[in-house]
Protein chains: 2
Amino acid sequence: MEISAIPRLFPAFEKELQREIQEQGEIRFFKTEEQLMRTGQYFRSTMLILNGLVKIYREDDDGNEFFMYYLQPGQACALSMVCAAEHKRSAIMAKAVKETEIIAIPLHFMEEWMGKYKSWNHFVIGTYRARFEELLSTIDHIAFRGMDERLEFYLKKHQDTMGTNLIALNHQEIANELNSSREVVSRLLKKMEQFGKVKLHRNAIEIIQL
Amino acid sequence: MEISAIPRLFPAFEKELQREIQEQGEIRFFKTEEQLMRTGQYFRSTMLILNGLVKIYREDDDGNEFFMYYLQPGQACALSMVCAAEHKRSAIMAKAVKETEIIAIPLHFMEEWMGKYKSWNHFVIGTYRARFEELLSTIDHIAFRGMDERLEFYLKKHQDTMGTNLIALNHQEIANELNSSREVVSRLLKKMEQFGKVKLHRNAIEIIQL
DNA sequence: TCCTTACTGTGACCTTCGTCACCTATGGCA
DNA sequence: TGCCATAGGTGACGAAGGTCACAGTAAGGA
């Protein structure tokens, strides 16, 4: 996997940079539901996703997990860059949704490559940019929309990201990610079913028409 | 002003870069309440704040303005960088709070300097990083906190940024920025006054103890 | 000085959402 | 087949916050 994944996922990187990543990076595996990083943890490296799928959460003091966005293969965690560069604690939590493989780049390379490789520079900037827009969109939803719209958006996003109409989550799990409660999610889903938007199953929601 | 402001506000920039900024940048002035950029606008340049104070808002489709964060002299608008780089429309609105002076850098220099000046590179990355954290903190507040806490935080931020205990805003204006309503803000402020946290005046709020 | 206007205070009421209680349905397994 | 754990459904209720109506009050202009 190591041989082929880097050029395939990061085709814009110079050959030399691709080689350095393979040499200096450390491949790590995470099982489904395993945490890649925890709130409050210090970073020693930046992570590039090679395989699988990662979800990024913001946690409050009571341990509520608020889902913000997905990270897919070929993307990097902007926060690991933020924190790596400032030796600061993580403000977020990352969790593997599937079996996930990442490559961890020790943080001093991050800095070094910035001057050395133009493509790395672009990649870092591009990563910030993309995550920035995700955050803005997240703010929109919680600032201006009600739970009904947010739930629908959440399901849509899940559908697009996972590439399936069958969402294998129970109501409690969805409620947690939206920082709401199981009953509210159940009620809203029921309403959506009445409108023909979804079909409800045990432990799963089938998207009909959103 | 042009002569002294750049080295003073951006001391980390190489002399050569400081000179280029002065040569290539275009100084612009904005009056209080004037918009530096509007939602939906295209960018042709990145803006560095030289003087004054700027507030950044997210707008929804109905024209509600949700306040996100301040930009002070020596800072840059991360979004102007995001959009400049992708020739995309602005997703935010920026408004001058005081008489404000900025220097606009045509976007092709942004790219050029990235390879040419290490300090420019650092500045851009640092700008993203700082704004990223502001957004995360904004998300925290609207996701996990009630209006009472958010109002208090808003006042505190205003106090720190403006450096005064007297906040010259009426309740309606505050409500708009928090995406709430005048009555709610009035009620909460009254409660804060009873707790001795503030003293209410016409068109102004005096911070006593937050 | 008086009048108009904008700002503020407050009670009544509604909607949304969170919480509690309790019930039903489903599926695995002894 | 029956038991039980887990998921889902639903009514009742309360809190937060948005909306409406209206009253009081200060400030600035005529």
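Only heavy atoms go into these numbers, but all of them, side chains included; no hydrogens, no water, no symmetry mates. Every chain is numbered from 1 and lettered A, B, ... according to where its sequence line falls, protein lines coming before strand lines. The structure displayed is predicted, hence computed values, not measured ones.
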Under the ring pair (Phe, Tyr, Trp, His ring centres under 6.0 Å) test, residues paired with B:H201 that sit two or more places apart: none
Test ring pair (Phe, Tyr, Trp, His ring centres under 6.0 Å) applied to B:F13 - qualifying residues, sequence neighbours left out: B:F10, B:W120, B:F123
Between atom [atom1] in [X] and atom [atom2] in [N], what is the gap in whole Å?
{"X": "A:K190", "N": "D:dT10", "atom1": "NZ", "atom2": "C1'", "answer": "11 Å"}
{"X": "B:L169", "N": "C:dT8", "atom1": "CG", "atom2": "P", "answer": "10 Å"}
{"X": "A:L189", "N": "D:dT10", "atom1": "CG", "atom2": "C1'", "answer": "14 Å"}
{"X": "B:I174", "N": "D:dG18", "atom1": "CD1", "atom2": "P", "answer": "14 Å"}
{"X": "A:M192", "N": "D:dG9", "atom1": "CE", "atom2": "C1'", "answer": "17 Å"}
{"X": "B:D62", "N": "D:dT19", "atom1": "CG", "atom2": "C1'", "answer": "16 Å"}
{"X": "A:I142", "N": "D:dG17", "atom1": "CD1", "atom2": "P", "answer": "15 Å"}
{"X": "B:R150", "N": "D:dA16", "atom1": "CZ", "atom2": "P", "answer": "15 Å"}

Write down the protein N/O and nucleotide N/O pairs, taken from nucleotides 5-7 of chain D, whose separation is under 3.5 Å; answer none if there are no such pairs.
from	atom 1	to	atom 2	distance (Å)
D:dT6	O2	A:R202	NH2	2.8
D:dA7	OP1	A:N170	ND2	3.3
D:dA7	O4'	A:R202	NH2	3.3

A:Q209 atom CD, neighbour heavy-atom count above 12 within 6.0 Å: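 No, CD of A:Q209 has 12 or fewer neighbouring heavy atoms, counting only those of other groups under 6.0 Å.
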Over 12 non-hydrogen atoms of neighbours within 6.0 angstrom of NZ in A:K156: yes
Sugar-phosphate only, base, or nothing, as touched by A:L200 at under 4.0 Å among non-hydrogen atoms: sugar-phosphate
Qualifying salt bridge (Lys or Arg N to Asp or Glu O under 4.0 Å) pairs, either residue in residues 183-193 of chain B, two or more places apart: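 Pairs touching residues 183-193 of chain B that pass the test: B:K190-B:E193.
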Is there side-chain contact between [X] and [Y], with heavy atoms separated by less than 4.5 Å?
{"X": "A:R131", "Y": "B:Y128", "result": "no"}
{"X": "B:I174", "Y": "B:I205", "result": "yes"}
{"X": "A:L36", "Y": "A:R28", "result": "no"}
{"X": "B:D140", "Y": "A:F66", "result": "no"}

Between B:E134 and B:Y70: side-chain donor-acceptor atoms closer than 3.5 Å: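 Judged by distance alone, the side chains do not pair up.
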Give every pair of a protein N or O atom and an N or O atom of nucleotides 17-22 of chain C that lie under 3.5 Å apart, one pair per line with the distance.
from	atom 1	to	atom 2	distance (Å)
C:dC17	OP1	A:M147	N	2.6
C:dG18	OP2	A:S180	OG	2.6
C:dT19	O4	A:R187	NH2	3.1
C:dC20	N4	A:E183	OE2	3.2

Inter-residue atom distance B:T164.OG1 - B:I207.CD1, 0.5 Å rounding: 8.5 Å
Inter-axis angle, terminal five-pair segments of the helix from C:dT1-D:dA30 to C:dA30-D:dT1 [nearest 10°]: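 Result, rounded to 10 degrees: 10°.
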